[in-house]
Amino acid sequence: MSALNKLKIEISEAIKKLTQQKIDPESLTISSTRKEFIGDYTLLVFPLIRHFGKKPEEVGQLIGEELKSNSEIVNDFNTIKGFLNLSFSPQYWTNTLQDIQSTPDFGRGKAKDKKVMVEFSSPNTNKPLHLGHIRNILLGWSVSKIMDAAGYEVITTQVVNDRGIAICKSMLAWKKWGDGITPENSNRKGDFLVGDFYVKFNTEFNNEYAKWQKTKTAQTIFINQNKYENENDFFADYKNDYFNDYSKLGKEAREMLLKWENKDPKTMELWKKMNNWVLTGFDETYKELGVSFTKSYFESKTYILGRKIVEEGLKNNVFYTEKDGSVWADLTDVNMDKKIVLRSDGTSLYITQDIGTAELRYKDFKTEKMIYVVGDEQEYHFKVLFEIIKRLNRPYADDMYHLSYGMVELPTGKMKSREGKVVDADDLIKEMAMEAKTNAEEKGIIDDSNDEERDEIYRKIGMAALKFFILKVNPKRRMIFNPEESVDLQGQTGPYIQNAYVRVKSILRKSEGTYDLNGYFNYIDCNSHEKSLITTLSEFPYTIQQAASEYEPSLIANYVYDLAKKYHKYYSDIRILGTDKQDARNFRIALSHTVAQTLKKGMDLLGIQMPERM
RNA sequence: GGUCCCGUAGCUCAGCUGGAUAGAGCAACUGACUUCUAAUCAGUAGGUCACAGGUUCGAAUCCUGUCGGGAUCACCA
């Protein structure tokens with residue numbers, strides 16, 4: 001990039017010389033020249049013609065001649081219509097490669113002296129992590145890596161929803177039908193075991209509900225409403241009311257929640273036990289995914305937070321009290337509704353909790369920037385939350401962002417964990433590694449390593465396929481995930497990029513001791529592949545900054561793919577080691593080496609590891 | 001109904017602040033491994049960028065409207 005900036009300044013100086021007009025170098029549009037034309041970079045002259053009062057081609061000609069005689073970088077040019085194609089001096093390319101190669105942390109932004117918190121995952125403790133969580137976790141982790149590379153200090157957090165009616169359902173079912181089963185005595189992973197009972201509860205509840213629907217009470221209720229004509233439609237919609245008003249199981253679950261809130265010792269004991277099963281299970285899954293958290297927050301400890309801030313806000317007229325004692329924020333002046341922040345009985349809500357958690361995190365880490373990775377169904381919630389925090393005048397209020405992403409659906413429709421209709425994260429991870437293995441065995445590759453090493457490689461390949469598949473698309477898009485078909489190992493995929501890296505590693509192994517990574521500085525014979533690779537390499541820092549400012553891992557994914565693609569092409573077109581000229585050989589190896597390093601760094605930003613061979 | 005997101009090749013997706021003939025991958029068909037790893041490369045075919053207007057020298061990109069898909073609008077989380 002620095003060379004491009006230099007070029008822009010040279011151009012603006014040339015324009016000044018020719019027209020006496022000052023032009024902001026940043027306003028110039030320069031892009032790499034399309035391969036159909038001769039040149040390396042292209043300046044768009046259309047926006048400049050008004051300063052000259054001449055035709056685009058004449059303007060291009062004038063600027064081109066000026067650059068050719070005075071610029072350090074440009075040594076030739078041609079104009080086509082309003083496009084000024086500039087060719088760079090041979091030395092430019094070796095210099096640029098040398099710059100990149102000699103910068104160990106190439107790509108990293110300057111330290112920004114600002115802490116950013118990324119919250120992601122945030123699971124419930126009543127069931128295992130599934131495909132939906134995977135998208136959330138991968139996005140969150142990648143964004144945190146990107147922020148880090150862009151120069152922020154990053155804190156990763158999750159808020160574990162370990163309380164409420166859902167976990168009580170699992171607890172109740174375990175008590176009723178569990179017969180003392182544990183992860184240890186059943187050899188079932190803890191989060192799955194608890195999830196089994198969540199499903200069990202719902203199955204039993206549905207049975208109970210189905211029976212009840214035939215009773216006189218139920219039929220009377222159905223007849224007395226006039227919204228639904230169809231009985232099934234009505235009862236589908238009435239489920240929640242049934243749970244709260246008539247269900248025996250519902251009543252038991254609510255009683256359990258009440259006991260929990262009153263800290264009944266036996267209930268607390270069971271709750272702690274089952275939560276631990278789940279959390280231990282989650283940790284394993286996180287480890288498999290390669291993610292970790294600076295700190296985990298638990299709702300059981302934070303759900304009362306925020307009330308104090310609400311009281312403070314009441315004094316400052318951010319909120320007002322209704323007649324029944326409930327507390328509200330009136331956001332109608334910014335086109336939002338009124339929002340309740342404290343119930344009439346004084347208890348807090350989801351939003352109250354979020355206000356409190358944000359404050360707690362600020363106290364813990366002094367994070368002035370907060371990113372919440374949460375599904376797009378909560379967009380309105382976060383809009384409201386951010387507005388309220390702004391009105392409360394918190395120090396972190398100005399830099400809060402909801403990274404919202406679309407739902408992951410199966411070909412059969414939405415996932416429903418209550419019905420057990422999900423793709424579990426663990427299963428998916430295993431399947432991916434299996435597929436990588438099958439694929440490799442069919443091809444008969446990876447021979448010179450032992451079983452353990454091989455399994456590790458398959459795991460890396462499988463995870464790369466999965467992670468890349470999810471991260472390469474814009475988060476806002478909904479995605480339909482077909483477990484059988486979605487994740488390829490060929491083409492625009494994680495393994496494709498790993499393969500480019502592995503090819504370089506293989507070359508380096510084969511040629512060890514026969515090259516000098518610094519022995520090419522006078523080499524001036526770059527071909528078009530090499531120029532294109534160097535250009536792409538030099539865009540890495542810019543891509544990171546852009547990905548950070550847009551919270552967009554897909555930009556990195558596309559960048560890395562582009563670089564790998566160019567390298568594969570280069571590799572098949574030119575034999576890296578097939579030259580006797582020492583400086584050419586050094587140059588090609590150094591270039592390959594730098595590409596490999598950049599691929600590795602880029603993939604790391606996606607949370608993807610590189611194997612040394614595959 | 002209000003607000004927000006999405007709509008680009010049969011399928012999955014790129015397309016940066018408007019710029020040259022809209023690009024990849026998968027699937028289909030052709031070719032290339034005695035030569036640095038073929039999880040690769042080269043090629044053929046596949047497009048009314050949902051639709052209609054507008055702004056501009058120039059629009060997939062910006063604006064308005066329409067259509068289609070989704071989300072959301074709780075004293076649930």
Side-chain angles (χ1 to χ4, degrees), chain A residues 26-27 29 31 33-34 36-37 42 44-47 49 56 80-83 85 122 124 161 163-166 240 299 303 322 324-328 335-337 339-345 347-351 353-354 375-381 383-384 404-407 409 436 439-440 442-443 445-446 461 465 469 472-474 476-480 482 485-486 488-500 502-511 539 542-543 546 550 554-555 557-558 561-562 565 567-578 588-589 592 613-614:
Chain A
E26 282 307 302
S27 70
T29 313
S31 52
T33 304
R34 297 181 68 116
E36 313 84 271
F37 303 98
T42 297
L44 221 53
V45 298
F46 293 104
I49 51 175
I80 297 167
K81 290 190 242 170
F83 300 90
N85 300 322
S122 305
N124 295 344
N161 181 7
R163 59 178 275 274
I165 196 77
N240 253 335
E299 283 197 13
Y303 78 109
E322 274 291 344
D324 62 3
S326 56
V327 180
W328 296 72
N335 267 333
M336 287 182 250
D337 272 331
K339 178 74 190 176
I340 182 159
V341 293
L342 275 185
R343 291 195 187 94
S344 47
D345 64 6
T347 54
S348 51
L349 296 102
Y350 182 40
I351 191 134
Q353 198 183 123
D354 271 357
D376 61 6
E377 70 275 10
Q378 296 203 34
E379 257 164 30
Y380 182 69
H381 169 78
K383 232 177 124 184
V384 169
S404 101
Y405 61 90
M407 184 103 56
E409 287 178 26
N439 196 281
E442 269 172 26
K443 299 199 152 114
I445 38 187
I446 323 181
I461 295 172
F469 176 81
K472 75 174 180 188
V473 319
N474 179 334
K476 289 202 170 79
R477 272 179 189 263
R478 285 190 306 144
M479 62 195 279
I480 293 170
N482 186 333
E485 291 170 14
S486 277
D488 281 319
L489 300 168
Q490 262 96 31
Q492 191 183 26
T493 65
Y496 175 93
I497 297 153
Q498 291 178 319
N499 187 227
V502 164
R503 282 179 147 180
V504 174
K505 287 289 155 177
S506 175
I507 287 173
L508 293 176
R509 279 195 299 270
K510 286 257 157 71
S511 61
E539 283 162 0
Y542 171 74
T543 306
Q546 204 187 1
E550 290 173 27
S554 68
L555 294 178
N558 289 321
Y561 173 68
D562 185 48
K565 188 175 170 60
Y567 189 78
H568 277 307
K569 203 170 258 186
Y570 177 53
Y571 182 92
S572 67
D573 198 56
I574 278 196
R575 297 197 56 76
I576 312 282
L577 302 176
R588 291 175 190 175
I589 294 175
S592 299
R613 58 186 83 219
M614 63 195 280

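Every chain is numbered from 1 and lettered A, B, ... according to where its sequence line falls, protein lines coming before strand lines. Computation of the quantities below employed the complete heavy-atom set of this structure, encompassing side-chain atoms and omitting hydrogens, waters and symmetry-equivalent molecules.
Atom CG in A/N335 sits roughly 17 Å away from atom P in B/C73 (whole-Å rounding). Atom OH of A/Y571 is separated from atom C1' of B/A42 by 16 Å (rounded to the nearest Å). We find that CD of A/Q353 is positioned 15 Å from C1' of B/C75, with the value rounded to whole Å. Atom pair A/M336:CE and B/U3:C1' shows a separation of 11 Å (rounding to whole Å applied). When rounded to the nearest whole Å, the span between CG of A/N482 and C1' of B/A27 equals 14 Å. The distance between atom CG of A/D562 and atom C1' of B/G25, rounded to the nearest whole Å, is 13 Å. Rounded to whole Å, the distance from CG on A/L489 to C1' on B/G25 is 13 Å. Per the geometry, NZ belonging to A/K510 stands 10 Å off P belonging to B/U35, to the nearest Å.
A distance of about 11 Å separates the P atoms of B/A24 and B/U44, rounded to the whole Å. For the P atom pair drawn from B/G53 and B/U61, the interatomic distance equals 14 Å after rounding to whole Å. The separation of B/G47 from B/C11, taken at their P atoms, amounts to 12 Å, rounded to a whole angstrom. Distance noted for atom P between B/A45 and B/A22: 15 Å (whole Å). Atom P of B/U8 sits at a distance of 24 Å from the matching atom of B/U3, rounded to the whole Å. B/C63 sits 11 Å from B/G18 when the P atoms are compared, rounded to a whole Å. Between B/G10 and B/A52, the distance separating the two C1' atoms is 27 Å to the nearest Å. When the P atom is compared between B/A59 and B/C75, the two are found 49 Å apart, to the nearest whole Å.
Between B/C41 and A/Y496, a contact under 4.0 Å exists linking OP1 or OP2 to a side-chain N or O. Of the side-chain N and O atoms in A/K476, none sit less than 4.0 angstrom from OP1 or OP2 of B/C4. Contact annotation: A/R343 side-chain N/O to B/C76 OP1/OP2 distance is under 4.0 Å.
In this structure, B/A59 makes no Watson-Crick or G-U wobble pair, since no nucleotide meets both defining distances under 3.5 angstrom. The partner of B/A14 is absent, by the rule that a Watson-Crick or G-U pair needs both atom distances under 3.5 Å. The partner of B/A38 is absent, by the rule that a Watson-Crick or G-U pair needs both atom distances under 3.5 Å. In this structure, B/G1 forms a base pair with B/C73, meeting either the Watson-Crick or the G-U wobble geometry with both donor-acceptor distances under 3.5 Å. If you check B/C67 for Watson-Crick or wobble pairing at under 3.5 angstrom, you find it paired to B/G7. If you check B/U44 for Watson-Crick or wobble pairing at under 3.5 angstrom, you find it paired to B/A28.
With contacts defined as side-chain heavy-atom distances shorter than 4.5 Å, the pair A/D376/A/K476 does not qualify. Side-chain contact between A/I576 and A/Y570 is present, with at least one heavy-atom pair separated by less than 4.5 Å. Residues A/Y380 and A/K339 have side chains not in contact (no heavy-atom distance under 4.5 Å, counting atoms from C-beta outward).
Distance alone, capped at 3.5 Å, is enough to place a donor-acceptor pair between the A/T543 side chain and the A/E539 backbone. A/S511 places a side-chain N or O within donor-acceptor distance of the main-chain N or O of A/I507, the cut-off being under 3.5 Å. Under the 3.5 Å distance criterion, the side-chain polar atoms of A/S506 are left unmatched by any main-chain donor or acceptor of A/V502.
Contacts of A/I574 with the nucleic acid, taken as non-hydrogen atoms under 4.0 Å apart, include base atoms. Residue contacts shown for A/N240 are absent, as no nucleic acid heavy atom lies under 4.0 Å away. Contacts of A/Q498 with the nucleic acid, taken as non-hydrogen atoms under 4.0 Å apart, are absent. Counting any heavy atom pair closer than 4.0 Å across all strands shown, A/L577 reaches a base atom.
Partner of A/S404 under the side chain to side chain donor-acceptor pair (under 3.5 Å) criterion, out of A/Q378, A/E377, A/E379: A/E379 alone.
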Seminar exercise, completed: Contact string for nucleotides 28-34 of chain B, one letter per nucleotide 5' to 3', B = base within protein heavy-atom range under 4.0 Å, S = sugar-phosphate only, - = neither, reads -------
Exercise. Taking protein heavy atoms under 4.0 Å as touching, what does nucleotides 11-23 of chain B look like 5' to 3' if B marks base contact, S marks sugar-phosphate-only contact and - marks none?
Worked result: --SSSS--BB--S
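Taking only side-chain atoms of A/N499, from C-beta outward, the nucleotide of B/C75, B/U72, B/A39 with the closest atom is B/A39. Nearest to the side chain of A/Y561, among B/A42, B/A24, B/U72, sits B/A24.
Cation-pi geometry between A/R503 and A/Y567 is not met at under 6.0 angstrom from the ring centre and within 45 degrees of the axis.
Heavy-atom nearest nucleotides on RNA chain B were determined for A/M407 and for A/R509, and the one closer to the 5' end corresponds to A/R509.
In the interface, the side chain of A/S511 is not paired with the base of B/C36 through any donor and acceptor atom under 3.5 Å apart.
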